Amino acid sequence: MLVVGAGPAGLAAAAEAARSGAAVLVVERDRDPGGILNQCIHDGFGLTLFGESLTGPEYATRQIDEARRQGVRLSQNATVLSIRRDRTCEIVSPRGHERLRPGAVVLAMGCRERSFGSLAIPGARPAGIYGAGAAQRLINLQGVMVGRRAVILGSGDIGLIMARRLVLEGAEVAYVVEKLPYAGGLARNVSQCLNDFDIPLALEHKVVEVLGRGRLSGVRIARVDELGQAVGGTERVVECDTLLVSVGLIPENELTRSAGAAMDGASGGPQVDQRLTTSIPGVFACGNVLHVHDLADWASLEGRRAGEWAARYAREPWTGEETTPMPRAAGPGKPVPVSRGTGLKYVVPQRLAVGEAATLHFRVSEPRRRTTVVVKADGRRLSSKPFAYLAPAELAAVEIPALPEDTRGVLVSLD
């Protein structure tokens, strides 16, 4: 089988599949395996998977070592150009052009940053504007300092972590600017990266103009109303030579779309069932290419499940229409669609095979206190789970029992 991407999800999928007896090739377009972990030199990784706090490179090294112990073959500086519906894959690498048809494919390409250009902010395009992840790579891997006085647009986790990183390198962070009334990253990152370093967080504000020719000289920020529009008379100029943009991550799914997989516009990834199978038989997806995870550990755990099911499929394929997960199960049938109620940003998986318990992962659209997630099948309550607090930055989950064979639809809602 083939795994596309050697980040935390891809490495976990490869190791698990190899442990199950599959011959596994991992294709990674970067020079080194590990994905985004290689540039994340802060700790906090591995608490769930390894029971200790690791830096990103330490976490990656453990996963790489495990994959190699299981006999996984790693191919770096290689790119998968296309995947057909029959799983024929075209790959280009220093060895040249290759065409493979593996028994199963796991998509684990990760995600990318939303660009500054997509925000349509007025002003010139001077030097000094970076994606937060790009700045992290420059500083941590290449030893290049990006600036001395910065504003960070958006309070996603990478932006929060980079605010602290800049201060540790001797720079000043004037503001972290967030248009929402709450931070977009994990609460622990707000506490450890902003509060502990006295970095101001300007909620309900946005950058309305970038200033400077040649090099950034400042940004104009303003308070926003409930519609996200700038409030007149609240504008002020903040002098800075650097603007880091942390306004969201997008699952890297150009390859998935070109293969013809059904997509979910809410999560940004392909539609899958509880086996993490896409709409293309034998093609699975996991990690940030499926939906953006806030913890690498969860991406790795999801990768393990994808690797397990992909290895099973490679040994004995099923059609994708069975009502139960195992290839020999009797009774063909359509998968059951999963829909979401008001207040939920997305739910994964988007469809379910009957006859097998499942875990549904979801995010809320805005913070909620003392709420209950309810899962119903054709109007009958299947499961419910109370939460003291739910935030958009934190992925949550609810477990459900196996669906009856006559189930027509599942609804996940907030009570």
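Treat the numbers as computed from the prediction; the structure is a model and nothing was measured.
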State whether the number of non-hydrogen atoms from other residues, nucleotides or ligands found under 6.0 Å of Arg380 atom CZ is greater than 12.
yes
Between Asp273 (side chain only) and Arg351 (backbone N and O only), is there a donor and an acceptor less than 3.5 Å apart?
no
Using a strict cut-off of less than 4.0 Å between a Lys/Arg side-chain nitrogen and an Asp/Glu carboxylate oxygen, indicate whether Asp86 and Arg84 qualify as a salt bridge.
no
Side-chain touch Pro335/Leu352, heavy atoms, less than 4.5 angstrom
no
In terms of ring plane angle, is the pair His361 and His291 parallel, tilted or perpendicular, where the classes change at 30° and 60°?
tilted
Check whether any side-chain N or O of Asn140 sits under 3.5 Å from a backbone N or O of Gln39 as a donor-acceptor pair, and report yes or no.
yes
Quick one: does any side-chain atom of Asp264 pair with a main-chain N or O of Pro270 as donor and acceptor, under 3.5 Å?
no
Under a 3.5 Å distance rule, please check whether Gln271 uses its side chain to pair with a backbone N or O of Ala262 as donor and acceptor.
no
Please check this pair: side chain of Asn253 against backbone of Val289, looking for a donor-acceptor N/O pair closer than 3.5 Å.
yes
Expected output: side-chain Lys206 to main-chain Val224 donor-acceptor under 3.5 Å
no
Would you confirm whether Ser246, through its side chain, and Ser155, through its main-chain N or O, come within 3.5 Å as a donor-acceptor pair?
no
When you measure from the side chain of Asn77 to the backbone N and O of Ser93, does any donor-acceptor pair fall under 3.5 Å?
no
Within the distance-only criterion (no hydrogens, no angle test), does the side chain of Glu28 pair as donor or acceptor with the backbone N or O of Ala6 below 3.5 angstrom?
yes
Between Glu58 and Arg62, does the salt bridge (Lys or Arg N to Asp or Glu O under 4.0 Å) criterion hold? Intermediate values first, please.
CA-CA 6 Å; Glu58 289 172 330; Arg62 292 202 184 185; over 6 Å; no
Going by an N to O cut-off under 4.0 Å, is there a salt bridge joining Glu308 and Arg304?
no
CZ of Arg29: more than 12 outside heavy atoms within 6.0 angstrom?
no
Approximate separation, where rounding is to 0.5 Å, of Arg236 CZ and Ile221 CD1
4.0 Å
Please determine whether the number of non-hydrogen atoms from other residues, nucleotides or ligands lying under 6.0 Å from atom CD of Glu399 exceeds 12.
no
dist Cys89:SG -> Leu25:CG (nearest 0.5 Å) comes out at 9.5 Å
Sub-3.5 Å donor-acceptor pair from the side chain of Asp241 to the main-chain atoms of Gly147, do we have one?
no
I need the Glu204 CD to Thr234 OG1 distance, nearest 0.5 Å.
11.0 Å
To the nearest 0.5 Å, tell me how far Ser300 OG sits from Arg305 CZ.
12.5 Å
Can Arg87 be said to sit on top of Tyr313's aromatic six-ring, NZ or CZ under 6.0 Å from centre and within 45° of the ring axis?
no
Expected list for residues 187-200: side-chain donor-acceptor pairs under 3.5 angstrom, two or more places apart:
{"residue": "Asn189", "atom": "ND2", "partner": "Asp157", "partner atom": "OD1", "Å": "2.8"}

Evaluate the salt bridge (Lys or Arg N to Asp or Glu O under 4.0 Å) criterion for residues Arg363 and Asp294: first the C-alpha distance (whole Å), next the side-chain angles of each, then the deciding distance (0.1 Å), finally the verdict.
CA-CA 11 Å; Arg363 287 187 190 274; Asp294 39 285; 3.1 Å; yes
Could you state the interatomic distance from CG (Leu74) to CZ (Arg68), rounded to the nearest 0.5 Å?
5.0 Å
Separation between NE2 (His42) and OG (Ser53), nearest 0.5 Å, reads 9.5 Å
Answer yes or no on whether Arg340 is positioned over the face of Phe362, meaning its NZ or CZ is under 6.0 Å from the six-membered ring centre and within 45° of the axis.
no
Any chance CD of Glu239 has more than 12 other-residue heavy atoms, nucleotides or ligands included, within less than 6.0 Å?
no
If you draw a 6.0 Å radius around CZ in Arg257, do more than 12 non-hydrogen atoms from other residues or ligands fall strictly inside?
yes
